[in-house]
Amino acid sequence: MPELPEVETTRRSLVPVLEGATINSAEVGRTRMLRRQPRPADFADRMRDRRVESLGRRGKFLLGHMEGDLTMVLHLGMSGRMQIQALGAERPAHTNVVLATDDAEVWMIDPRTFGFVVCLTPDEWDGSPFAALGPDALDALPRSPQLGAAITKRKSPLKSLLLDQHLIAGLGNIYADEVLHRARLHPLRLGASLDAEEVKRLRASIKPVLEAGLRHGGTTLDDLAYLLPDGRAGEYTQRLRAYGRTGQPCRTCGTPIERIVVTQRSTHFCPTCQPAD
DNA sequence: CCTCCATCCTGTGGGC
DNA sequence: TGCCCACAGGATGGAG
C-alpha cells in the first residue's frame, strides 16, 4: 500500500508534531512490530525522553533522527498508516505503536503487522539491511548512465527490478506499473535487454509519476486501508493509467489493459503502448 | 552475487 | 445470510 508518495505524504504530516518534540513514551502493543529490533526491550527505553531532531525518509522507510545519534526506522508494510491524535484519545483496533509527546499522540495502525519500528545505534544501523537501501527514487535518482549500468547487468524482468529496493528505493507495485506504462516498456522486458534510449525513457518516467502521486495525496484503493494521517483518502487513484485497470481502455490508445503476474505480484500494462519486444 | 520462492499477518470481496 | 477461498499497497531469508 504505502509507497513513496504515501510515505512522503505521511512524513510531511508528521513533521510538525515530531520534529523538535521529545518522546515521553513509546508503547508497542504488538511485540511482532519490534522483530527487527536486535533486543526488542531496547526500543521503548531508547525512545523515552529523547528528542526527535528531524524526520526523514529513504524510499518507503521513515527515518527519525534522534538525539544521541540514534535512528528510529519505521516502515508501514502493506497495511500500516499513521494518525495524529489528542493525548488519551481512544485507540482503534490494531493501534500497534503509540508515540506520545507533550502535545499529541502519533499512532501506527497496522492490521497485518508487516510494518515494524526500531531504534538503532550507529553500529546497529551500519550492520542493518537499511544501510544497504538503494538511492531514493525521488531525491537521489541516479543519472541515466549509472542507472543503466545497474539495470543492464540484471537478467530479471523490469517489473522486478523496479521493486528491488537495493536498486532504487521507493517504488512499489502500483507505481512500478505506472512508471513502466509511462516509459512504454513491457514489464517482462529483461533489464539486460534495454538500450540506452530505453534506459533514459525509464529513468525519465520515475519522478513525474511519483510527483504526480505526491501532488494528489497518494493512492487509496477500494478497501480504504490507506488513508492520509488526517483521514482523507488519496486522490491519485482516479489518475492511475495501468494499476488495477484490467480490461479498461488504455488512456493513451484505448486498448484494454492486461493483467499478468510477475514474480508473484499482479502487474498491469497496455499491450499496445508497451510491446513485448 | 543473482534469482526465485515461501512466509509473515488480517481484512475484504466475490462466488456459491 | 453464511461460508470459504483468493487476493491485497512489502520485505526478508534461505535455497539453488
Side-chain angles (χ1 to χ4, degrees), chain A residues 1-10 28-38 57-62 73-82 92-97 108-118 127-134 137 149-179 188-193 209-210 213-214 216-228 233-237 239-240 242-247 259-268:
Chain A
M1 163 229 303
E3 306 182 26
L4 190 152
E6 292 77 32
V7 176
E8 175 61 14
T9 302
T10 299
V28 179
R30 290 280 297 265
T31 51
R32 184 176 135 74
M33 302 299 285
L34 290 173
R35 64 196 179 284
R36 307 257 171 243
Q37 181 81 44
R57 179 190 58 75
R58 180 134 160 220
K60 307 170 198 170
F61 295 77
L62 286 171
V73 184
L74 190 152
H75 196 287
L76 296 170
M78 289 275 258
S79 59
R81 67 176 195 267
M82 305 300 289
H94 309 299
T95 307
N96 296 336
V97 179
M108 179 177 183
I109 302 166
D110 182 11
R112 291 177 73 183
T113 66
F114 284 9
F116 59 85
V117 65
V118 296
S128 77
F130 317 124
L133 265 181
I151 286 176
T152 55
K153 72 176 160 204
R154 301 278 298 268
K155 270 210 55 137
S156 303
L158 290 179
K159 176 64 185 284
S160 316
L161 294 180
L162 290 182
L163 293 178
D164 181 350
Q165 305 297 302
H166 302 283
L167 199 60
I168 306 171
L171 293 173
N173 208 37
I174 295 175
Y175 293 96
D177 282 2
E178 297 302 303
V179 165
L188 288 176
R189 287 282 305 278
L190 302 185
S193 78
V209 165
L210 293 174
L214 200 44
H216 295 97
T219 304
T220 296
L221 299 186
D222 304 336
D223 65 3
L224 298 183
Y226 168 75
L227 294 172
L228 302 180
E235 290 170 356
Y236 192 60
T237 319
R239 297 170 182 267
L240 295 173
Y243 185 87
R245 299 194 66 245
T246 312
R259 177 186 183 278
I260 58 176
V261 174
V262 182
T263 52
Q264 327 280 81
R265 311 303 300 280
S266 72
T267 297
H268 315 72

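Numbered from 1 within each chain, the chains take letters A, B, ... in sequence-line order.
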Check: A:Y175 ring centre within less than 6.0 Å of A:Y236 ring centre: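 So the answer is yes for these two rings.
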
What nucleotide among [options] has an atom nearest to a side-chain atom of [X]?
X	options	result
A:K60	C:dA11, B:dC4, B:dC9	C:dA11
A:R259	C:dC7, C:dT12, B:dC5	C:dC7
A:M78	C:dA8, C:dT12, B:dC8	C:dA8

Salt-bridge contact A:D177-A:K159 (side-chain N to carboxylate O under 4.0 Å):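 Result for this pair is yes, salt bridge flagged.
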
Lys/Arg-Asp/Glu bridge criterion (N-O < 4.0 Å) met for A:D110, A:R30: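 A salt bridge is absent here (no side-chain N lies under 4.0 Å from a carboxylate O).
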
Heavy-atom donor-acceptor pair, A:R57 side chain to A:G59 backbone, under 3.5 Å: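 Checking the backbone N and O of A:G59 against the side chain of A:R57, a donor-acceptor pair under 3.5 Å is found.
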
Separation of C:dT12 P from A:R112 CZ (nearest whole Å):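 Rounded to the whole Å, the gap is 16 Å.
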
Nearest-Å distance for atom pair NE2/C1', residues A:H166 and C:dA11: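 In whole Å, C:dA11 C1' lies 8 Å from A:H166 NE2.
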
5' priority, DNA chain B, between A:R30 and A:K153 [closest heavy atom]: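 Closest to the 5' end, via its nearest nucleotide, is A:K153.
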
Pairing partner (Watson-Crick or G-U wobble, both distances under 3.5 angstrom) of C:dG16: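 Here C:dG16 is engaged in a pair, and the nucleotide opposite it is B:dC2.
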
For [N], does either OP1 or OP2 sit under 4.0 Å from a side-chain N or O belonging to [X]?
X	N	result
A:Q264	B:dA6	yes
A:R154	B:dT3	yes
A:S79	B:dT10	no
A:H94	B:dG11	yes
A:R265	C:dG10	yes
A:S266	C:dA8	yes

Verify stack between A:F114 ring and B:dC8 base, 5.5 Å, 30 degrees: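 Answer is yes, a stack.
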
Same-atom distance (P) from C:dA6 to B:dA6, integer angstrom: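 Going atom to atom, P in each nucleotide, I get 15 Å.
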
